[in-house]
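Have a look at the structure below, then the notes.
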Amino acid sequence: MAGIKDVAAEAGLSVATVSRVLNGHSSVSEDARRRVTEAVERLGYRPNAVARSLRTDQTRTLGLVISDVMNPYFTELARSVEEEARALGYSVIIGNADERPDLQDHHVTTLLDRRIDGLLVSPTDGGSPGMLGAARAGTPMVFVDRWIPGVDVPVVRSDGRAAVRDLVAHLHALGHRRLAIIAGPAATTTGRERVDAFREALAAHGLELPDAYIGQGDFQAGSGRRVTEGFLDLPEPPEVVFAADNLMALGALDAVRARGLRVPDDIGLAAFDDIPWFVHTDPPVTAIAQPVRDLGRAAVRALVDRIEGRPGASVTLPARLVVRRSCGEREPGIRNPPSPVRRSTP
């Protein structure tokens with residue numbers, strides 16, 4: 001079995017330089033990094049991770065605790081995190097909290113027991129005890145997507161307020177006035193922020209958000225269906241439902257179809273968190289897209305900075321509106337705006 005001296009000889013470099021490359025030191029030239037990588041591949045060299053961790057007190061492993069692995073947004077985020085971590089010489093262990101604070105704490109404790117070097121967390125609520133304890137104990141940590149106010153941890157997230165304003169302006173231009181929202185959990189920052197942004201955007205157009213047009217969801221499809229059923233039972237249903245995440249939007253779509261109604265003929269639908277499926281629905285769903293891959297990469301870089309003794313900076317990236325046809329938009333190329341969509345009488 002090849003050892004580090006064999007790699008050094010194959011690459012034509014010193015053992016010290018090879019060691020720095022394998023341990024991810026930033027002081028190594030790109031040429032040296034390339035030569036070591038090629039030598040490792042040719043020789044099939046595999047460093048002993050356990051022995052290295054005992055020497056350096058590092059395992060080159062990151063923990064990622066995501067809120068819901070079934071949500072396509074978090075699936076894409078996890079993939080981006082894993083890719084960027086691998087590029088920087090780290091492995092990733094993933095825990096799925098399933099939107100449960102107790103599971104979140106379970107994963108945090110388990111990951112710390114495995115001596116991970118740092119932790120990425122998308123908090124499920126206002127702060128579970130184990131996760132807060134880890135942050136306050138000085139564990140290198142970065143919040144991604146969601147955050148906890150008052151906890152001194154870098155946050156990597158997107159800002160959807162401008163995109164929500166664009167969405168409401170778009171709906172207003174289409175002639176819609178009765179707009180409702182399926183909100184995420186109030187215990188999460190994203191749940192609160194999206195409702196606030198929606199209400200502010202409506203006010204800018206002289207529109208109100210009545211209590212009857214705010215449905216409390218939980219970022220799961222079942223809640224989207226339940227809330228939408230309630231909207232449809234109102235004496236004056238909304239003209240458009242804005243779901244604060246993609247899974248609740250899919251649940252809303254199920255509720256509309258279960259009533260024998262059509263989107264957007266009877267009611268419009270828009271969503272926060274664009275997903276690939278939305279272009280394949282009939283009609284394609286108008287949605288707010290977050291830069292998920294960029295968020296994952298930025299979160300890993302911020303965490304690695306903290307691990308390696310550099311200050312990890314918070315990062316905020318803009319979300320954007322993607323207009324399709326679920327709110328009464330015309331086919332591409334038709335300039336005249338449609339008449340306001342009204343719910344047909346059964």
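Only heavy atoms go into these numbers, but all of them, side chains included; no hydrogens, no water, no symmetry mates.
Checked against side chain to side chain contact (heavy atoms under 4.5 Å, CB included), Ile93 has the following partners two or more places apart in sequence or in another chain: Thr61, Leu111, Arg114. For the side chain to side chain donor-acceptor pair (under 3.5 Å) test, no residue two or more places apart in sequence or in another chain qualifies with Thr190. Contacts of Ala16 classified as side chain to side chain contact (heavy atoms under 4.5 Å, CB included), with partners at least two apart in sequence or in another chain: Ser14, Arg20. Remark: Arg226 pairs with no residue by the salt bridge (charged side-chain N to carboxylate O under 4.0 Å, His left out) rule, at least two apart or across chains. Under the side chain to side chain contact (heavy atoms under 4.5 Å, CB included) criterion, Asp254 pairs with Arg225, sequence neighbours left out. Every residue meeting the side chain to side chain contact (heavy atoms under 4.5 Å, CB included) condition with Val322, not counting sequence neighbours, appears here in chain and number order: Asp274, Ala289, Arg320, Arg324.
Applying the side chain to side chain donor-acceptor pair (under 3.5 Å) test to pairs two or more places apart or on separate chains, those with a residue in residues 284-297 are Glu83-Arg293, Ser158-Gln290, Asp273-Gln290, Thr286-Glu329, Asp294-Arg297. Sorted by first and then second residue, the ring-ring contact (aromatic ring centres under 6.0 Å, His included) pairs involving residues 135-164 (not counting sequence neighbours) form an empty list. Applying the ring-ring contact (aromatic ring centres under 6.0 Å, His included) definition to pairs two or more places apart or across chains, those involving residues 182-211 are His172-His205, Phe198-Phe242. Listed by first and then second residue, the side chain to side chain donor-acceptor pair (under 3.5 Å) pairs that reach into residues 148-157 are Arg157-Glu193, sequence neighbours excluded. Here ring-ring contact (aromatic ring centres under 6.0 Å, His included) pairs that include residues 65-93, with residues two or more places apart or in two chains, number zero.
A distance-only check finds no donor-acceptor pair linking the side chain of Arg178 to the backbone of Val240 [under 3.5 Å]. Between the side chain of Thr110 and the backbone N or O of His106 there is at least one donor-acceptor pair closer than 3.5 Å.
Judged purely by distance below 3.5 Å, without hydrogens or angles, the side chains of Arg86 and Ser91 never pair a donor atom with an acceptor atom.
Under a 4.5 Å side-chain heavy-atom cut-off, the cluster of Ile, Leu, Val, Met, Phe, Trp and Tyr residues that includes Leu250 is completed by Leu247, Ile275, Trp277, Phe278, Val285.
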